[in-house]
Amino acid sequence: QVQLVESGGGLVQAGGSLRLSCAASIGTFSKYAMGWFRQAPGKEREFVAAIRWSGSFTYYADSVKGRFTISRDNAKNTVYLQMNSLKPEDTAVYYCAAGFDMGPRTVVADSSYDYWGQGTQVTVSS
């Protein structure tokens, strides 16, 4: 049974940092691309960041580029999202997702991912 469990969310002041983790029980973790998406109240879910199976290729939404860093540890079956210089507009539920390794054109689409975590709340106060 596939399980993705996010952790690390919380309340932080603007300008602060958080590190999200996603622990995966998913068979051969290194076969999967991993992504982070977020959904704010009243808005659609949006792509945040993704990383290919080897960790050599990463992708970011323009809104987080330069502030967020995605990484993975295939030995620990875990993907991370380091979030720095947080802004109130980063407030959302953040979801971890896994899909068989995919290319740059599809990695940003939530339909490309097969498995999802339950989400972790990130709240940034002004």
Listing, residues 6-15 side-chain donor-acceptor contacts under 3.5 Å, not counting sequence neighbours, or none:
residue: E6; atom: OE1; partner: Q118; partner atom: N; Å: 3.1
residue: E6; atom: OE1; partner: Q118; partner atom: NE2; Å: 3.3
residue: E6; atom: OE1; partner: G119; partner atom: N; Å: 2.9
residue: E6; atom: OE2; partner: C96; partner atom: N; Å: 2.8
residue: E6; atom: OE2; partner: G119; partner atom: N; Å: 3.2

Looking at CH2 of W53 and CG of N74, how far apart are the two atoms once the value is rounded to the nearest 0.5 Å? 8.0 Å
Nearest-0.5 Å distance, CD of residue E89 to OG of residue S126: 10.0 Å
Between [X] (side chain) and [Y] (backbone), is there a donor-acceptor pair under 3.5 Å?
X: T123; Y: T91; answer: no
X: S112; Y: T106; answer: yes
X: R52; Y: F57; answer: no

Quick check: is [Y] connected to [X] through a chain of hydrophobic side chains (ILVMFWY, heavy atoms under 4.5 Å apart)?
X: L81; Y: V5; value: no
X: V79; Y: V64; value: yes
X: V107; Y: M34; value: no
X: Y80; Y: Y94; value: no
X: V93; Y: L86; value: no

Does the side chain of Y32 come within less than 4.5 Å of Y115's, by heavy atoms? yes
Using side-chain heavy atoms (C-beta onward) and a distance below 4.5 Å, is M83 in contact with V122? yes
Looking only at non-hydrogen atoms, find the nearest pair between R72 and A33 and report the distance. NH1-CA, 4.1 Å
Compare every heavy atom of F47 with every heavy atom of V108, then report the nearest pair and how far apart it is. O-CB, 3.4 Å
Sequence-distant partners of [X], side-chain contact (heavy atoms from CB on, under 4.5 Å), two or more places apart:
X: K65; value: Y60, D62
X: T28; value: S30, K31
X: W116; value: F37, R45, Y95, A97, D110, Y113
X: E46; value: R38

Exercise answer: donor-acceptor pairs, residues 18-26 side-chain atoms, under 3.5 Å, sequence neighbours excluded:
none

